[in-house]
Amino acid sequence: MRATHTRRAYRLSRLVTHGATDTSHEVRTGYEMGIRPTAQHCRCGARLAGDHRGSLCSACRDQRRNTLVSAPNVPVEFWHTDQVREAVDAWHMGRVIQAYRYHPWHGRPLSQGVVAGWFGLTQPQLSRIENGPAPQDLATLIQWAGVLRIPVDLLWFKVPTAGPDPEPVVDEGRDDVNRREVLRLLSLASSLLALPAADQLDLDRLEAAGSRPAKLDPGTLDEYGKVNERLWQAFAQSKSKRLASPVVRSQLSVLNQALHEPQTQAGRRRLCQLAGDLFQLCGEIFFDSDQYPDAAQCYSLAANASKEAEAFDLWACALTRHAFLGVYERRFTDAAPLLNGAAFLAKRGDSGLATRPWVAAVQAQTYAGLGDLTACERALDAAEQVTHLSGPARTSGWLRFEGSRLAEERGRCYVELRRPELAEVALADALDRTVSARRRGSLLADLALVGVQRRDTDQLVMYGNAALDAARQTGSAGYVGRMLHNLRPQLKPFLADGHVRHLDQQIVQLKTVSVV
């Protein structure tokens, strides 16, 4: 139901922005039917002009922008209510955050999703902090107190004088060795997967002789599948995606060894499916570390393994991830044929999965990059079919597309199509939901670009700096950092502003992070 109302709102917004002729026709028709337009009011009570776009006045819109990005500046008396003082006296930062969220000064309680974003956390993580035992890590307590701007004299711990953080020591030699080891394992697995089944040993004879005790049974293969699922979960929950790399390498080595052994036809197909799953995870790690050729190789291996396994949904997702590299690097004509192939494969897959809507969402980004508004919106409507799937949506592993990303996808398309008014509504809606720290950073970068398109330097600087902070907190200098580096050429008309110049300099200094 919510998706239907959202579509109607977007279509109405497009009707208003497409020209005065269509709008006047609608108004004229309403008068002919005896319907008079009612005055629009903001939630604060202020009356909105007849041609005002959106449901918030300028002051409330600016306040919402600020709150979505960082904690607001609150008056001194904010910290002296009974609820806040009780939480502080309990020496429990989680209760302090909860009291902060429910403070009447905000007008209405702040959601856990919004406040979690200030700390670089997810909504479930903040919920556990608020309701669990008191956090004890001093460095974390200091950081959170700074985010909320809690007066130092109220704290139960000492805050050191601010100083420059030491530069992290990176062992470049070790980093290069680890990268080569991953690529060696990937290449080896690719060669093993390419072997035709006819070249394998006589499995029935080996089974009868009992000479291959290492042959994997279905139960063991199911356990390998559970390991893959946990690796995806660790990847999704980790603030720095590259931290999952060592364990992924270990599991990849296990699958390589299994591929050396003779298997039944069903067992080999299952192994290929597991490998296709894990190759996609390897590609995500490389992608997040700004190593796109390596990510492309992983997605290609994932597609080959999925083809061998006859796993059509897995195969379609591998092609979609490969195509997204083209979208991300603005090579839209290269992405289009891959996505057409993915859409064809998805039709042969499980209609109960979200594969088809996800392919449509990435196709919408491609059409937006090609400047085709009609095809883009048609693909976005197809992506919204994810909300009508029967049964629970798959939200982890190689297929994680579900309804919560629809506003995000729509907003990104409108940014590409240079429709800033429509984009800001969708992106602010997405930012107000529970999103990962990595996705939050990308949304902030898109909202900074909206500021460029609207020539609003305040919005540009605020969201640009917030996206920088997100890139540093998550170690996602590849994914979010690349978006910020793509933003730099569009900052040139605004460089007379000192704040914009400072943002530009900070983006230049943002370094990419390699897989370790």
Side-chain angles (χ1 to χ4, degrees), residues 10 13-14 17-18 283-284 287-288 290 292-293 295-296 299-300 316-344 346 355-384 386 401 405-427 429-430 438-439 441-454 460 463-464 467 476 478-492 507:
Y10 281 125
S13 298
R14 291 200 299 272
T17 57
H18 282 170
E284 292 291 274
F287 175 75
D288 196 74
D290 207 11
Y292 304 126
Y299 297 146
S300 179
C317 286
L319 290 179
T320 303
R321 282 192 164 89
H322 202 159
F324 187 76
L325 288 172
V327 174
Y328 195 67
E329 295 183 309
R330 307 190 61 78
R331 294 182 286 102
F332 301 107
T333 54
D334 293 341
L338 283 172
L339 290 168
N340 290 337
F344 175 78
T355 312
R356 301 176 194 180
W358 185 42
V359 174
V362 181
Q363 282 182 313
Q365 294 185 44
T366 304
Y367 293 135
L370 295 172
D372 191 337
L373 174 63
T374 302
C376 175
E377 292 185 330
R378 185 169 59 245
L380 286 171
D381 289 341
E384 287 190 358
V386 69
F401 186 77
R405 296 194 180 200
L406 291 172
E408 182 177 338
E409 300 292 340
R410 190 176 289 273
R412 189 150 293 150
C413 287
Y414 285 136
V415 168
E416 186 65 44
L417 288 162
R418 302 190 69 82
R419 300 294 182 100
E421 295 84 3
L422 297 175
E424 185 172 25
V425 173
L427 293 171
D429 183 22
R438 181 172 176 263
R439 285 171 59 195
S442 68
L443 286 168
L444 292 167
D446 276 330
L447 282 164
L449 185 54
V450 169
V452 170
Q453 294 177 357
R454 300 182 65 176
L460 161 62
Y463 284 123
S476 183
Y479 181 63
V480 181
R482 180 63 177 268
M483 296 181 71
L484 289 169
H485 281 289
N486 289 339
L487 176 67
R488 284 195 63 225
Q490 304 191 55
L491 301 182
K492 291 180 180 179
I507 294 175

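Reckoned from all heavy atoms, side chains included, excluding hydrogens, waters and symmetry mates.
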K.L.:
Looking only at heavy atoms, which two atoms of Ala316 and Thr355 are closest? And how far apart?
P.N.:
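Nearest heavy atoms, Ala316 then Thr355: CB-CG2, 3.8 Å.
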K.L.:
Would you say that Leu460 contacts Leu491 through its side chain, given a criterion of any heavy-atom pair below 4.5 Å between the two side chains?
P.N.:
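Yes - at least one pair of side-chain heavy atoms lies under 4.5 Å apart.
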K.L.:
Can you name the closest pair of heavy atoms from Val450 and Pro420 and give their distance?
P.N.:
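What the structure gives for the nearest pair is CG1-O, 3.9 Å.
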K.L.:
Going by heavy atoms in the side chains, are Leu380 and Leu406 under 4.5 Å from each other?
P.N.:
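Side-chain contact under 4.5 Å: no.
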K.L.:
Taking the side chain from Arg419 and the backbone from Tyr414, do they hold a donor-acceptor pair closer than 3.5 Å?
P.N.:
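Checking the backbone N and O of Tyr414 against the side chain of Arg419, no donor-acceptor pair under 3.5 Å is found.
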K.L.:
Any donor and acceptor pair, going by atom type alone, linking the side chain of Gln453 with main-chain N or O of Val415 inside 3.5 Å?
P.N.:
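Present.
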K.L.:
Nearest 0.5 angstrom please: Tyr292 OH to Leu325 CG, how far?
P.N.:
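Reported to 0.5 Å precision, the distance equals 8.0 Å.
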K.L.:
Nearest 0.5 Å, please: how far is CZ in Arg378 from CG in Leu373?
P.N.:
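Result: 10.5 Å between the selected atoms.
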K.L.:
Can you confirm whether Arg321 sits close enough to Trp358 that some side-chain heavy atom of one is under 4.5 Å from a side-chain heavy atom of the other?
P.N.:
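Arg321 vs Trp358: side chains touch.
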K.L.:
From Leu449 CG over to Leu444 CG, what is the distance, rounded to the nearest 0.5 angstrom?
P.N.:
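The distance works out to 13.0 Å.
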K.L.:
Would you indicate whether the side-chain heavy atoms of Thr366 and Phe324 approach each other to under 4.5 Å?
P.N.:
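Result no, sub-4.5 Å side-chain heavy-atom pair not found.
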K.L.:
Classify the angle between the aromatic ring planes of Phe287 and Tyr328 as parallel (below 30°), tilted (30 to 60°) or perpendicular (above 60°).
P.N.:
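Phe287 vs Tyr328 ring planes: perpendicular.
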K.L.:
Identify the heavy atoms of Ala382 and Ala360 that sit nearest to each other, and give their distance.
P.N.:
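Closest heavy-atom pair between Ala382 and Ala360: CB-CB, 3.8 Å.
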K.L.:
Only counting residues at least two apart or in another chain, list the ones meeting side chain to side chain donor-acceptor pair (under 3.5 Å) with Arg418.
P.N.:
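Side chain to side chain donor-acceptor pair (under 3.5 Å) list for Arg418, sorted by chain: empty.
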K.L.:
Measure the CG-CD distance between Leu370 and Glu416 for me, rounded to the nearest 0.5 Å.
P.N.:
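CD of Glu416 is found 9.0 Å from CG of Leu370.
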K.L.:
Report yes if the side chains of Leu339 and Leu319 come closer than 4.5 Å at any heavy-atom pair, otherwise no.
P.N.:
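Leu339 vs Leu319: side chains apart.
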K.L.:
Kindly say whether Ala296 contributes a backbone atom to a donor-acceptor pair with the side chain of Ser300 at under 3.5 angstrom?
P.N.:
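Judged by distance alone, no pair lies under 3.5 Å.
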K.L.:
Which atoms form the tightest heavy-atom contact between Ala335 and Val327, and what is the distance?
P.N.:
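Scanning both residues, the minimum pair turns out to be CB-CG2, 3.9 Å.
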K.L.:
What residues, two or more places apart in sequence or in another chain, satisfy side chain to side chain donor-acceptor pair (under 3.5 Å) together with Arg412?
P.N.:
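Testing Arg412 for side chain to side chain donor-acceptor pair (under 3.5 Å), a comparison that skips the adjacent residues, returns Ser442, Asp446.
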K.L.:
Tell me the closest heavy-atom pair linking Cys376 and Ala364, and the distance in Å.
P.N.:
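That would be SG-O, 3.4 Å.
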K.L.:
To the closest 0.5 Å, what do you measure between CG (Leu427) and OH (Tyr463)?
P.N.:
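It is 9.0 Å, given to the nearest 0.5 Å.
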K.L.:
Any idea which heavy atoms bring Leu484 and Ala445 closest together, and the distance?
P.N.:
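Closest pair (atom of Leu484, atom of Ala445, distance): CD2-CB, 4.3 Å.
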K.L.:
Return the orientation label for the His322 and Tyr299 ring planes: parallel under 30°, perpendicular over 60°, tilted otherwise.
P.N.:
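Ring orientation of His322 relative to Tyr299: tilted.
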K.L.:
May I ask you to test the Val359-Gln363 pair for a side-chain heavy-atom distance under 4.5 Å?
P.N.:
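Val359 reaches Gln363 side chain to side chain.
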K.L.:
Glu329 and Asp334: side chain to side chain contact (heavy atoms under 4.5 Å, CB included), yes or no, with the steps?
P.N.:
CA-CA 10 Å; Glu329 295 183 309; Asp334 293 341; over 6 Å; no
